[in-house]
Amino acid sequence: SAAAAHQIRRGMCGLTAWLRFHAPIECWCGCPDLILPEGTLEPAAFEAAAASLHRRGPDASGAEDFALGEEPLQPSIASADSVGGVSADAIGADLHLRASVLHLRGVATAPQPVVTSTGGRLLFNGEIYAVLPSPGAARQGCSGDGVGLPIQVVSTSADSLREGELPAEVSDTMWLAERIAECEESVDCSDWEPFAEQLRDLLEKLHGPFAIAVWCPRRRALFFGRDKLGRRSLVVGRSDTGDLCISSVPASPVDLWNELPVTGLFALDLRDLARPALHHVSWREVMYFEQSWWWAASSLPTSLSEASAASPLFAEVLSAAVSQRVRGVAGGAPNTPRVGLLFSGGLDSTVLAALAAEALPSGEVVELLNVAFDCAAPDRLTALCSFADLVACYGRDRFRLVLADVEEAEVRQNESSICRLLGPEATHLDFNIAAALWFAAKGRGLVCRPDFSAEPWWSELISNPANLSGCCLEEQPQARPAKPDLPPSERARCSSCVLPAKPGCVHGSCKLCCRKAQDRLGPNPPRCPVHKPPKDSKSLAEPTELGGVALQDGEPATLDLSAVRLSSDGATSEAPLDLMTATSRVLLVGTGADELLGGYGRHRTARAKRGAEGVQSEMLKDLQRLWRRNLGRDDRVVADHGREARHPFLDDAVLRFVGSLPIDLLAFGPGGEADPAPDKWMLRELAAARGLTACARFKKRAIQFGSRIAKQSNVWHTGSNRQGRGTMVYRALEA
């Protein structure tokens, strides 16, 4: 009823729908090559995929089985644990629908599959933040003369979204079920295509992530798809007898599944079971960054003040995106944190933590989940620095930093569980990223005491620039006059060997011979202006104590940033400490920040070598492959612990704003190429404006390196950290 719907709000779910034929079919008609993988699975893999859904949605589960044959379809309700319930020799196939639900809104949980008023079934895993009046409304102000004018873009887009927001008491799942029924009733014929087009148009108006499956008995057709970015996982597998399965999670072997493309809506036409057909209905409009207006403004604004206005506008749009994703999260135990972040202490996660604290009521705590596979991992150091800034700016009661220390034995123990979530892109890089996300999202660790930064050892640690040198941005290099490229015959020879000497060397030597000459001159040789001394040479000269661990035998100190040392009573307790588990059900993640704002090392290289056009090319490549390389995998990994990942940087309004900027402004900042700003300069200004000085100067460090999981797994698999390659296919070692 409508009253019941008002008491039931949205929740994340896992979904599986698989079609099992009673006899092998020859082939699928239509366009099966668009989605079906080359390899085939055993039918038992489909049941295994459905059985694992409960980890994504522990609050409720549902299942229905449908017998497909020549007679009118009659649903047969099945238990969540079984596939049976249909037994008729004359029926040619069975359709099995499974769902699990994580309660995130309202006072009651809405079970799935949802029954529509026309007798259909809806499986919906997503969030509807707003409903745009039409696909074209998403880009008002972003074409023609409006390109490059952020104020117009933000104003129009924000108004459109506010007008389309669903009322707080309305269940978005129930609202969508009603709209789907209206679409079906508006189409008289029993063909799949008119309804598919209506459903496509409806889904294209939704502002938010989703994966969806709709069973339409009247048309004997199953419709399914993902949002244009692919923020919710949906994979496809098939058997050698023609059976087909779509699922939020795969089952082993994971490399025999395909990520479902994000190009539109797909339809299984099952009216003729002897010749089933798979069809594709493309979106009317491609994703923003595929459209002609994206980064189409060709030059910087005419005045510096006009260019500088982009930063506060960006802060406004990003703040709204975070607020939309953290308000009103329900479920879990009373008076416990419900919103958290995967927290490395880097620029992206620290800014999101600050904006979440600003969006939530003053009494709500934001959980920060940090993982380290080494007590001296860079991500632990940056997390502590940024946590200290957050506490200083927002108070010690606004955040709870959960530190998870993961030993190699624990990684080995859970290796197979992580591997089953990787999907078809099962490389060492995928495993390393997934392992770091999986253990962070698990949220099992010790709580860091908020006053740790007042202790003498911490003050000593951060006062030594060498300890933070690996985390902070390097100074922008000054332009140097071009030097003539002399032919080898005219270059001076090294004074000690046959190699060319480096021009300007005080010893007239090559690099190696210069270093040898300096070593012969004693501990304080004259500094060579062109050959830099080896890193950490000063730190080896005088034994000191850093982070509580003394230097020994001339070796650099190892920082002790373990969770035990930093926990509330870790400094005084000698007994094993009880680990706690984070309670947050929604986790903000920073995916999209580097792709949108140019944060990767290859973006900096492109800027230096090819200018703004090079940056644009590299960033577009990263955006276009997000759905295949990142988002599906990350959704599966985070949701495996019954938490939902949300992506503020991939919000529609954030995307439209960044896409409306001139690429020169985005790549170089207000100063242009003559005075380039650091990468992600708008985000750094946002952080600095809020007093988050540490993260504002931190450089990008990938999670697999910052947490040290890559080093651990490389040694584990290849015997050496240098031998490991991210592109290598990952094979789980037998326990």
Side-chain angles (χ1 to χ4, degrees), residues 9-14 54-61 100-109 127 322-323 325-345 349-350 352-372 383 387 390-391 394-406 410 414 436-450 563 566-570 577-590 634-648:
R9 288 264 5 223
R10 66 183 73 132
M12 183 198 76
C13 89
H54 72 280
R55 295 183 60 86
R56 294 179 60 92
D59 296 328
S61 62
S100 62
V101 179
L102 173 68
H103 175 218
L104 294 175
R105 296 278 183 170
V107 297
T109 302
E127 303 285 331
V322 171
S323 177
R325 284 158 176 78
V326 302
R327 293 180 313 205
V329 177
N335 302 318
T336 58
R338 293 181 172 88
V339 174
L341 295 99
L342 300 179
F343 188 72
S344 67
S349 60
T350 305
L352 292 182
L355 296 181
E358 293 173 9
L360 290 170
S362 59
E364 290 197 31
V365 176
V366 179
E367 281 190 322
L368 311 176
L369 310 184
N370 176 262
V371 64
F387 178 55
L390 288 168
V391 169
Y394 295 92
R396 56 178 294 157
D397 296 329
R398 292 310 312 273
F399 301 96
R400 180 164 75 181
L401 176 59
V402 180
L403 304 175
D405 289 346
V406 183
E410 190 174 359
N414 293 281
L437 293 177
W438 193 84
F439 282 105
K442 186 178 182 181
R444 186 83 172 144
L446 297 173
V447 177
C448 178
R449 55 186 183 277
L566 291 152
S567 64
S568 300
D569 52 359
L577 301 178
D578 293 331
L579 300 179
M580 59 84 65
T581 300
T583 60
S584 49
R585 297 164 75 83
V586 165
L587 295 181
L588 301 182
V589 294
D634 296 352
D635 175 69
R636 293 188 290 271
V637 170
V638 172
D640 198 54
H641 296 292
R643 310 185 201 273
E644 179 176 271
R646 295 184 180 176
H647 311 86

Exercise. Begin with the C-alpha distance, continue with both residues' side-chain angles, and end with the deciding distance and a verdict on side chain to side chain contact (heavy atoms under 4.5 Å, CB included) for Leu341 and Leu587.
Key: CA-CA 5 Å; Leu341 295 99; Leu587 295 181; 6.0 Å; no
Shortest non-hydrogen separation from [X] to [Y] and the atoms involved:
{"X": "Leu369", "Y": "Ala440", "answer": "CD1-O, 3.3 Å"}
{"X": "Pro648", "Y": "Val589", "answer": "CD-O, 3.6 Å"}
{"X": "Val586", "Y": "Arg325", "answer": "CG1-O, 4.0 Å"}
{"X": "Ala353", "Y": "Phe343", "answer": "CB-CE1, 4.4 Å"}
{"X": "Ala404", "Y": "Arg444", "answer": "CB-O, 3.4 Å"}
{"X": "Glu127", "Y": "Arg646", "answer": "OE2-NH2, 3.2 Å"}

[X] side, atom [atom1]; [Y] side, atom [atom2] - distance, nearest 0.5 Å:
{"X": "Arg56", "Y": "Arg636", "atom1": "CZ", "atom2": "CZ", "answer": "9.0 Å"}
{"X": "Leu588", "Y": "His647", "atom1": "CG", "atom2": "NE2", "answer": "9.5 Å"}
{"X": "Ser584", "Y": "Glu644", "atom1": "OG", "atom2": "CD", "answer": "12.0 Å"}
{"X": "Ser344", "Y": "Asn370", "atom1": "OG", "atom2": "CG", "answer": "7.5 Å"}
{"X": "Leu390", "Y": "Arg396", "atom1": "CG", "atom2": "CZ", "answer": "14.5 Å"}
{"X": "Ser567", "Y": "Asp578", "atom1": "OG", "atom2": "CG", "answer": "11.0 Å"}

Quiz prompt | Name of the residue among Thr583, Leu368, Val366 meeting side chain to side chain contact (heavy atoms under 4.5 Å, CB included) with Arg400 | solution = Thr583
Quiz item: Would you call the rings of Trp438 and His641 parallel, tilted or perpendicular if under 30° counts as parallel and over 60° as perpendicular?
Solution: tilted
Quiz item: Under a 4.0 Å N-O cut-off, is there an ion pair linking Glu410 with Lys442?
Solution: yes
Quiz prompt | Under 3.5 Å donor-acceptor, Thr350 side chain and Gly345 backbone | solution = yes
Quiz item: Does Arg398 reach the main-chain N or O of Glu364 with its side chain, forming a donor-acceptor pair under 3.5 Å?
Solution: yes
Practice problem: Carefully, step by step, assess Leu566 and Leu446 under the rule side chain to side chain contact (heavy atoms under 4.5 Å, CB included). | Solution: CA-CA 8 Å; Leu566 291 152; Leu446 297 173; over 6 Å; no
